[in-house]
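What follows is a single structure, written as structure tokens, with notes after it.
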Amino acid sequence: MKRFAILLATACLLCPSLTHARVLFTQKSLYRNITVTDDGTRRCLKFSIHRDIVQEESCIYDEDHDRLVFDYTRLVLAGLLLDPNPRKILIAGLGGGVLPRTLRELYPDARIDTVEIDPAVVDVAEQYFDYKPDAKQHVIVSDARVDIKRAIARGDHYDMIILDAFNGEYIPPHLMTVEFLRECRQLLADNGVLVANTFSTSKLYDSESVTYQKAFGWFLNLRRVDGNRIVLTRKGKPVSPSELRQAAGQYTRDLTRFGVDLNKVAAIASDQVDWDPNARVLTDQYSPVNLLNGRD
């Protein structure tokens with residue numbers, strides 16, 4: 001037993017990931033508690049509102065900042081199969097800036113606007129996660145719905161909108177209503193793509209699904225057993241799972257450095273109705289999303 005204890009202690013010294021993560025930064029912003037940690041393998045941005053619930057929002061590998069850590073970020077890139085050459089992209093939710101930074105590498109000539117409500121998150125993304133705004137990559141400190149309304153009023157349009165403003169602890173109710181999704185649809189260019197990172201393991205699933213169905217008429221579901229779910233749709237003709245898989249085979253950009261295989265991503269796409277079609281649609285008057293999101 002003593003020998004085992006010595007071996008375990010030695011292993012902990014040699015493997016930083018087995019020890020407690022080092023806290024690099026902590027701040028209580030206007031919207032959440034923000035923490036940045038590094039365990040010797042990964043650097044992570046963590047959000048919490050309640051002290052007993054901490055959510056990893058973004059992570060990067062210490063030795064390879066390009067390779068994506070989370071499955072959901074790989075699934076989000078399925079949107080590129082519906083538009084392999086987006087020229088103008090809007091992302092709601094910055095986190096550590098992993099998605100906009102990845103898209104900036106893939107599409108250096110595209111304009112990428114990221115909307116983030118919390119200015120403290122912008123500072124952390126720039127200081128700890130290699131997020132660097134430039135002439136074509138902008139960050140807008142605003143509520144995403146307010147910014148989208150302003151963009152519509154200006155007559156703007158985007159080839160792709162990515163909704164990534166949710167986490168496991170809290171969902172902004174006004175960003176999950178049929179009115180909001182219709183505003184997103186209005187902001188899309190012809191055949192513009194919408195990708196939403198959301199959930200698959202709560203009571204919200206049925207109402208959320210019928211809400212997307214009502215706003216867009218159709219969508220593809222990319223759902224994993226671990227709770228990750230991506231809703232993929234566009235303003236235009238519906239796409240079948242087989243057509244998405246065909247597009248994956250024809251995609252020409254090399255995603256190897258990011259650890260992404262779009263053939264595997266497209267393989268889980270489904271258009272099967274696996275929700276209650278009679279569930280209540282979420283609206284600006286009825287959007288109890290954080291109650292519905294409670295796990296059974």
Side-chain angles (χ1 to χ4, degrees), residues 17 19-62 65 67-77 91-102 114-131 139 141 143-145 162-176 195-205 208 222-231 282 287-296:
S17 63
T19 64
H20 292 295
R22 184 164 55 102
V23 176
L24 304 180
F25 175 87
T26 183
Q27 178 182 347
K28 186 174 183 179
S29 75
L30 290 173
Y31 299 95
R32 65 204 77 172
N33 299 311
I34 302 171
T35 305
V36 179
T37 64
D38 196 311
D39 65 5
T41 300
R42 302 189 313 172
R43 177 171 295 184
C44 292
L45 171 63
K46 300 178 181 181
F47 292 161
S48 66
I49 298 174
H50 305 291
R51 290 184 178 180
D52 57 338
I53 303 176
V54 179
Q55 183 79 17
E56 285 188 344
E57 180 66 22
S58 296
C59 291
I60 57 175
Y61 290 110
D62 289 344
H65 290 187
R67 186 161 62 97
L68 299 177
V69 174
F70 294 141
D71 285 332
Y72 91 85
T73 51
R74 298 182 184 91
L75 298 182
V76 165
L77 296 183
I91 303 174
L94 176 64
V98 172
L99 274 173
R101 184 164 54 80
T102 300
T114 303
V115 186
E116 171 56 54
I117 196 171
D118 193 341
V121 171
V122 180
D123 293 339
V124 169
E126 293 183 16
Q127 185 171 354
Y128 293 98
F129 293 90
D130 289 347
Y131 177 72
V139 61
V141 178
D143 179 280
R145 187 159 185 184
I162 299 173
L163 303 180
D164 190 26
F166 313 144
N167 63 47
E169 184 181 4
Y170 177 74
I171 307 167
H174 64 302
L175 301 185
M176 197 175 275
V195 188
N197 170 39
T198 182
F199 314 97
S200 66
T201 56
S202 72
K203 298 175 183 177
L204 178 61
Y205 186 82
E208 180 190 36
L222 285 78
R223 184 178 181 184
R224 291 175 53 89
V225 295
D226 60 6
N228 289 134
R229 180 198 193 192
I230 298 298
V231 172
L282 300 171
S287 188
V289 296
N290 291 295
L291 293 176
L292 292 171
N293 194 44
R295 271 52 173 178
D296 292 328

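Keep in mind the model is a prediction, meaning the values are calculated, not measured.
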Provide the closest heavy-atom pair for [X] versus [Y] in the form atom of the first, atom of the second, distance.
X: Ala125; Y: Gly97; result: CB-N, 4.3 Å
X: Thr114; Y: Pro100; result: OG1-CB, 3.7 Å
X: Cys59; Y: Val98; result: O-CG2, 4.1 Å
X: Leu94; Y: Val139; result: CD2-CG2, 4.3 Å
X: Pro172; Y: Ala165; result: CD-O, 3.7 Å
X: Gln27; Y: Ala120; result: NE2-CB, 3.7 Å

Among residues at least two apart in sequence or on other chains, which ones pass salt bridge (Lys or Arg N to Asp or Glu O under 4.0 Å) with Asp123?
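Checked Asp123 against salt bridge (Lys or Arg N to Asp or Glu O under 4.0 Å); zero matches.
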State which residues pass salt bridge (Lys or Arg N to Asp or Glu O under 4.0 Å) with Arg145; sequence neighbours excluded, sorted by chain then number.
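Listed in chain order: Glu183, Asp284.
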Roughly how far, to the nearest 0.5 Å, is the [atom2] atom of [Y] from the [atom1] atom of [X]?
X: Asp62; Y: Arg42; atom1: CG; atom2: CZ; result: 10.0 Å
X: Lys28; Y: Ile34; atom1: NZ; atom2: CD1; result: 12.0 Å
X: Asp39; Y: Arg22; atom1: CG; atom2: CZ; result: 10.5 Å

How far apart are the C-alpha atoms of Phe47 and Asn33, what are their side-chain angles, what is the distance that settles it, and do they pass the side chain to side chain contact (heavy atoms under 4.5 Å, CB included) test?
CA-CA 6 Å; Phe47 292 161; Asn33 299 311; over 6 Å; no
Taking side-chain contact (heavy atoms from CB on, under 4.5 Å) as the definition, give me every residue that meets it alongside [X], ordered by chain and number, with sequence neighbours left out.
X: Ile117; answer: Tyr31, Arg32, Asp143
X: Thr198; answer: Phe166, Met176, Glu208, Arg229, Val231
X: Thr73; answer: Leu68, Phe70, Leu99
X: Arg67; answer: Tyr61, Asp64

Taking the side chain as every heavy atom from C-beta outward, state whether Val124 and Glu57 have any pair of such atoms under 4.5 Å apart.
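No, side chains not in contact.
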side-chain hydrogen bond (donor to acceptor under 3.5 Å, both in side chains) partners for [X], two or more places apart:
X: Asp118; result: Ser29
X: Asn197; result: Asp164
X: Asp71; result: Arg74, Arg224

Suppose we screen for ring-ring contact (aromatic ring centres under 6.0 Å, His included). Which residues come up paired with Tyr128, at least two apart in sequence or across chains?
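For Tyr128, the residues satisfying ring-ring contact (aromatic ring centres under 6.0 Å, His included) (neighbours in sequence not counted) are Phe25.
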Test side chain to side chain contact (heavy atoms under 4.5 Å, CB included) applied to Leu163 and Leu175, step by step:
CA-CA 9 Å; Leu163 303 180; Leu175 301 185; over 6 Å; no
Audit row: Leu282, Leu204, side chain to side chain contact (heavy atoms under 4.5 Å, CB included) steps and yes/no:
CA-CA 10 Å; Leu282 300 171; Leu204 178 61; 3.8 Å; yes
